[in-house]
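As structure tokens, the structure follows; a few thoughts come after it.
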Amino acid sequence: MSMFKLLAVTDQASCPENFWTQLQLLAASEIDALIFRAKELPPQEYYRQASQVQKICRAHHLPLILHTYQDTCRQLDTYKLQVSYQQLLRQPWLRSQVQCLGVSVHHTDEAVHAAASGADYLIAGHIFATNCKQGLPGRGLDFLGAVCTAAPLPVYAIGGITPANIGQIKKTGAAGACLMNSLMTCPEPAVLVQKLRQALL
């Protein structure tokens, strides 16, 4: 199996059908990890939903990464957390509270600082134009390559990634790709994941 990883990021707002049904389909696909992102939820509701997501992921032996709420990591005894660069600046002590910390970056200097602050991996975006960031051009492959060079960490690309362009992502030296909108809205996520894997061969 390729070392290049595919990560799914949840987004309930873009999910046209039942979110939990989509999550079951996603967990059963060949993704490498799931990031449960739901920044719009208050902390207690995030914890409640995250406990359900955790059960689904465990049933499929799928690694789960929580988002934003470090307290939920402790409550659920799962210590992988994804945060924004701004959150890392506000809470530099986060690194000591989790086993694995991912940071989202949008500039190479952010990547360098996040690496120095103890991040274990980075998510860099958005690379291509995407529905999630309408009207904003993607930062492009040169940006992604610069982040991969600047930070001695695994870098995952996000933003507008498809089977048609994922090969270009791999060539930059990225460790993998994150997909949100396409996996949330796809009627058969397992088929899309297969197409992405085939495009990497």
Side-chain angles (χ1 to χ4, degrees), residues 3-13 31-54 57 62-127 130 132-133 136 138-159 161 169 172-181:
M3 292 296 287
F4 188 92
K5 292 188 174 178
L6 297 177
L7 278 58
V9 184
T10 67
D11 177 35
Q12 298 189 29
I31 54 170
D32 293 299
L34 179 85
I35 299 175
F36 179 50
R37 178 183 182 274
K39 290 192 288 187
E40 70 282 358
L41 298 179
Q44 278 306 104
E45 180 60 17
Y46 181 84
Y47 162 71
R48 191 186 72 77
Q49 293 196 20
S51 63
Q52 298 300 313
V53 175
Q54 185 183 50
C57 288
L62 177 66
L64 170 63
I65 301 167
L66 299 181
H67 198 291
T68 306
Y69 296 115
Q70 74 274 12
D71 289 346
T72 305
C73 289
R74 192 170 60 251
Q75 290 165 322
L76 294 178
D77 200 28
T78 176
Y79 291 95
K80 293 180 179 179
L81 184 69
Q82 175 72 32
V83 299
S84 67
Y85 179 71
Q86 287 71 27
Q87 186 176 352
L88 177 68
L89 292 183
R90 289 194 307 271
Q91 302 173 319
W93 39 263
L94 273 179
R95 184 64 197 85
S96 64
Q97 294 206 335
V98 295
Q99 290 168 358
C100 181
L101 183 67
V103 180
S104 300
V105 298
H106 302 96
H107 301 281
T108 48
D109 56 346
E110 293 179 356
V112 171
H113 185 264
S117 301
D120 293 288
Y121 68 91
L122 304 174
I123 294 181
H126 60 288
I127 306 306
T130 169
C132 306
K133 308 269 186 186
L136 288 174
R139 290 186 170 84
L141 294 165
D142 289 345
F143 158 74
L144 178 59
V147 170
C148 292
T149 303
L153 299 174
V155 176
Y156 297 90
I158 194 168
I161 296 166
I169 296 288
T172 65
C178 300
L179 290 94
M180 186 166 71
N181 193 267

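If you're wondering where the values come from, they're calculated on a predicted model, not measured in any experiment.
By the 4.5 Å heavy-atom criterion applied to side chains, Q82 and R37 are not counted as neighbours. With a 4.5 Å cut-off on side-chain heavy atoms, V9 and Y156 do not count as touching. L153 has its side chain out of reach of D120: every pair of non-hydrogen atoms, C-beta onward, lies at least 4.5 Å apart. In this structure, H113 and L89 have side chains that are in contact, with non-hydrogen atoms separated by less than 4.5 Å.
The minimum heavy-atom distance between A174 and L144, with the atom names listed, is CB-CD2, 4.3 Å. Among all heavy-atom pairs drawn from V147 and A111, the shortest one is CG1-CB, 3.8 Å. Residues L62 and I31 come closest through the heavy atom pair CD1-O, 3.6 Å. Summarising the geometry of V98 relative to C73, their closest heavy-atom pair is CG1-SG, 4.2 Å, with the distance given to 0.1 Å. Contact between H126 and L136 at its shortest, heavy atoms only, is NE2-O, 3.2 Å. A pairwise comparison of heavy atoms in L88 and A114 identifies CD2-CA, 3.8 Å as the closest pair.
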Q: Go through the steps for L141 and I169 under the test side chain to side chain contact (heavy atoms under 4.5 Å, CB included), then give the verdict.
A: CA-CA 7 Å; L141 294 165; I169 296 288; 4.0 Å; yes
Q: Dump the intermediate steps for side chain to side chain contact (heavy atoms under 4.5 Å, CB included) on F36 and T78, then the final yes or no.
A: CA-CA 12 Å; F36 179 50; T78 176; over 6 Å; no
Q. Run the side chain to side chain contact (heavy atoms under 4.5 Å, CB included) check on Q91 and Q70 step by step: do they pass?
A. CA-CA 10 Å; Q91 302 173 319; Q70 74 274 12; 3.7 Å; yes
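Ring geometry for Y46 versus Y69: interplanar angle of 30 to 60°, hence tilted.
A donor-acceptor pair is defined here as one N or O able to donate and one able to accept, closer than 3.5 Å; no such pair exists between the side chain of D32 and the backbone of L7. Judged by distance alone, the side chain of R95 and the main-chain N or O of L101 form no donor-acceptor pair under 3.5 Å.
Side-chain polar atoms of Q12 and E40 form no donor-acceptor pair below 3.5 angstrom.
Atoms CE and CD1, on M180 and I123 in that order, are 10.0 Å from each other to the nearest 0.5 Å. Residue Q54 holds its CD atom at 12.0 Å from CG of L34, rounded to the nearest 0.5 Å. Considering SG of C100 and CD1 of I65, their distance stands at 6.0 Å, rounded to 0.5 Å. The distance from atom CG of L179 to atom CD1 of I161, rounded to the nearest 0.5 Å, is 5.5 Å. The line from CG of L122 to OG1 of T108 is 11.5 Å long, rounded to the nearest 0.5 Å. Between the OG atom of S104 and the CD atom of Q86 there is a distance of 9.0 Å, given to the nearest 0.5 Å.
Here the options are L76, L41, D71, L66, the test is side chain to side chain contact (heavy atoms under 4.5 Å, CB included), and the partner is Y47; only L76 passes.
Annotation: D109, atom CG; neighbour count of heavy atoms from other residues, nucleotides and ligands within 6.0 Å is above 12.
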